[in-house]
2 protein chains.
Amino acid sequence: MNAEQKKILIVEDDFNFGNILKDYLILNDYFVVLAKNGIEGMEKFQKENFDLCILDVMMPFKDGFTLGKEIREKNETIPLFFLSAKTLKEDVLRGFKIGADDYLTKPFDSEVLLAKIKAILNRKNFFNVPESDVYEFEIGKFKFNSKLRFLTYGGEESVKLSPKENQLLRLLVLHVNDLLPRELALNKIWRDDSYFTSRSMDVYIAKLRKYLKTDAKVEILNIHGEGFRLVVGQ
Amino acid sequence: MNAEQKKILIVEDDFNFGNILKDYLILNDYFVVLAKNGIEGMEKFQKENFDLCILDVMMPFKDGFTLGKEIREKNETIPLFFLSAKTLKEDVLRGFKIGADDYLTKPFDSEVLLAKIKAILNRKNFFNVPESDVYEFEIGKFKFNSKLRFLTYGGEESVKLSPKENQLLRLLVLHVNDLLPRELALNKIWRDDSYFTSRSMDVYIAKLRKYLKTDAKVEILNIHGEGFRLVVGQ
DNA sequence: TTCATAGCTTAATGTATTGTTAATAAAGTT
DNA sequence: AACTTTATTAACAATACATTAAGCTATGAA
């Protein structure tokens, strides 16, 4: 996949239908992961960052509603589409109650689905952060390598960063002098924005501040209620 | 209205249908404004902050698509629902292209509409997104950044602004040297103009005056019974 | 398998920020 | 003068954040 492509997770137990849908979306330049059931769907959801989930409702082991609910608990913002042959009002209502962005009844028009996907993914929101392949950064007098996970000050005295420290610092650097919204970091790194992950993030901010305090010109500022901001003085 | 209610703008030329819809939503605890056509719809949209717009597609003078487009230009994130008797695929696609969040064909089930409204308004998606791309301003010798919520004087000595201070100053700046009607600020920021919110606004005016007094050429004047005016001397 | 440990989460505690309301004074209007 | 509107400061409660420490858990070495 290339960095600009949006990632879509499809969870669909009907092998044929799932693959047709997958191919159609790939043809339209999305990066698609297909899971065969709810269990697998949750696993794949946890493993990487998706921009959208399309869930079939009727599936063995774990149905789409249950899966959708679990995903919604982990991530309050990711768009969810339900697919179903059931056109019962109760089901539709249930879908929206879980926090669906749309409920499509089979058969549906693929062009309309595509339009809906586009509309929701092109919407301007701060979760649309382009991926980047860059992994070497300068932060004041520090050098930060996010691939090898270390931080050096003036060419020596290297600090090893843990995976989470590393990811957080990386996100901060990618937004230098600008706002890194709290929710963005939680969604990207923790894949879950609950009270506790938010506390956890605070702990990591404290750790990073400790590492960075050797250079007085480098600071992590808080913007109350919004997020953090890595400032590098000239 | 009370400040917790979500505000919905309905634009619908069919008087009966519009009123039924309005009453139904009011019954479900929304604050609703009904406009009879596209022109009036745009006027009302400009006056206060809505959380959602429901637009009928076929209307005289200005159709729903045109209005939707204009609203989208002003506000990239507000949820838009289109209502139409036309079920033509081309129309649906056109709606989504404009940036619709949903396209409902009449007749539709009111419970389903309600579920969709709830789902989209309870979503934590869009609240934090800056309303506009312009967020850097000069006020005399001050620099004001409404995205990062700070105010600097002569390049240093930065004052952090709280969300409310920030919104108020932003509105004042957007009306520099001109009247910012009290009512407008209350509707936009407090979403409610009662006695208490008005007192609250006075408190914020006092705070801003304190921040701005370093530059004698910058003043917030009161226009008795009308509102405030941010004056910047040459 | 057991053990040590790095890495992460949760708890505990303290501090800061924010927005509303109150209290009181001052200014403007009629 | 009587009334309304605005000014300013302060008290308060509700959140949000900061920091340190303690408690888990998965991983890999022995």
Side-chain angles (χ1 to χ4, degrees), chain A residues 43 46-47 73-74 146 148-151 158-170 172 179-183 185-186 188-213 219-230, chain B residues 2-4 124 127-128 146 148-151 158-172 179-183 185-186 188-213 219-230:
Chain A
E43 277 171 20
Q46 294 275 39
K47 275 222 187 78
E73 279 164 19
K74 295 274 173 198
S146 69
L148 304 174
R149 295 194 345 230
F150 67 74
L151 191 64
S158 167
V159 182
K160 283 199 243 173
L161 299 172
S162 83
K164 282 256 150 67
E165 290 166 355
N166 183 60
Q167 289 183 77
L168 184 53
L169 185 54
R170 182 160 204 279
L172 283 165
L179 171 69
L180 167 63
R182 199 180 193 101
E183 282 196 74
L186 289 175
K188 287 261 174 203
I189 302 177
W190 278 266
R191 267 181 262 288
D192 183 349
D193 63 356
S194 65
Y195 170 79
F196 287 112
T197 48
S198 204
R199 290 316 99 238
S200 196
M201 176 170 166
D202 289 338
V203 172
Y204 278 89
I205 290 286
K207 290 181 186 188
L208 291 181
R209 281 185 176 136
K210 211 176 248 176
Y211 296 151
L212 295 172
K213 76 172 169 219
E219 267 184 302
I220 298 177
L221 302 182
N222 172 255
I223 298 175
H224 199 96
E226 302 267 356
F228 294 90
R229 189 176 155 226
L230 175 69
Chain B
N2 63 65
E4 288 80 47
K124 297 222 163 172
F127 60 58
N128 252 335
S146 69
L148 302 175
R149 295 196 343 227
F150 67 73
L151 192 64
S158 169
V159 182
K160 286 204 235 174
L161 300 172
S162 85
K164 282 255 150 69
E165 291 165 357
N166 185 59
Q167 285 179 277
L168 184 53
L169 184 53
R170 184 163 200 281
L171 269 191
L172 283 166
L179 171 69
L180 168 63
R182 193 177 200 105
E183 199 200 335
L186 288 174
K188 287 254 178 210
I189 302 176
W190 279 265
R191 333 186 63 200
D192 187 0
D193 63 353
S194 66
Y195 170 78
F196 285 114
T197 49
S198 204
R199 288 317 100 236
S200 198
M201 175 170 164
D202 289 339
V203 172
Y204 278 90
I205 290 287
K207 290 182 185 184
L208 290 181
R209 283 187 175 133
K210 209 178 249 175
Y211 296 152
L212 295 172
K213 75 173 170 221
E219 268 184 302
I220 298 176
L221 302 182
N222 173 256
I223 297 171
H224 200 90
E226 303 275 345
F228 295 91
R229 192 174 151 229
L230 175 69

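Chain identifiers are assigned alphabetically (A, B, ...) following the order of the sequence lines, protein sequences preceding nucleic acid strands; residue numbering begins at 1 within each chain.
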Using a heavy-atom cut-off of 4.0 Å across all strands, would you classify [X] as base, sugar-phosphate, or nothing?
{"X": "R199(B)", "answer": "base"}
{"X": "K210(A)", "answer": "sugar-phosphate"}
{"X": "S162(B)", "answer": "sugar-phosphate"}

How many angstroms lie between CG in L208(B) and CG in L230(B), if you round to the nearest 0.5 Å? 9.0 Å
Does a donor on one side chain and an acceptor on the other come within less than 3.5 Å for S194(B) and T197(B)? yes
Any side-chain donor near an acceptor of the partner, Y204(B) and Q167(B), under 3.5 Å: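 Short answer, no.
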Could you give the [atom1]-to-[atom2] distance, from [X] to [N], as a whole number of Å?
{"X": "Y195(A)", "N": "dA16(D)", "atom1": "OH", "atom2": "P", "result": "10 Å"}
{"X": "D202(B)", "N": "dT20(C)", "atom1": "CG", "atom2": "P", "result": "13 Å"}
{"X": "L168(A)", "N": "dC8(C)", "atom1": "CG", "atom2": "P", "result": "11 Å"}
{"X": "K207(A)", "N": "dA6(C)", "atom1": "NZ", "atom2": "P", "result": "12 Å"}
{"X": "D193(A)", "N": "dT9(C)", "atom1": "CG", "atom2": "C1'", "result": "16 Å"}
{"X": "D192(B)", "N": "dG19(C)", "atom1": "CG", "atom2": "P", "result": "16 Å"}
{"X": "E165(A)", "N": "dT9(C)", "atom1": "CD", "atom2": "P", "result": "11 Å"}
{"X": "Y204(A)", "N": "dA21(D)", "atom1": "OH", "atom2": "P", "result": "17 Å"}

Kindly say if [X] contacts the phosphate of [N], meaning a side-chain N or O under 4.0 Å from OP1 or OP2.
{"X": "K164(A)", "N": "dA6(C)", "value": "no"}
{"X": "R209(B)", "N": "dT9(D)", "value": "no"}
{"X": "W190(B)", "N": "dG19(C)", "value": "no"}

Does R209(B) make a cation-pi contact with Y211(B) (under 6.0 Å, within 45 degrees of the axis)? no
Side chain of V203(B): nearest nucleotide among dC8(C), dA10(D), dT10(C)? dA10(D)
dT21(C), dT10(C), dA7(D): which one has an atom nearest the side-chain heavy atoms of F196(B)?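 So the side chain of F196(B) is nearest to dT21(C).
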Counting C-beta onward and ignoring hydrogens, is there a side-chain heavy-atom pair between L169(B) and L151(B) closer than 4.5 Å? yes
Any side-chain heavy atom of R229(B) within less than 4.5 Å of one from L180(B)?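 Of all side-chain heavy-atom pairs linking L180(B) with R229(B), none is under 4.5 Å.
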So if I take residues 219-229 of chain B and measure heavy-atom distances to DNA chain C, which residues fall below 4.0 Å?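 Those residues whose heavy atoms fall under 4.0 Å from DNA chain C, taken from residues 219-229 of chain B in numerical order, are H224(B).
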Would you say CD of Q46(A) has more than 12 non-hydrogen atoms from neighbouring residues, nucleotides or ligands within 6.0 angstrom? yes
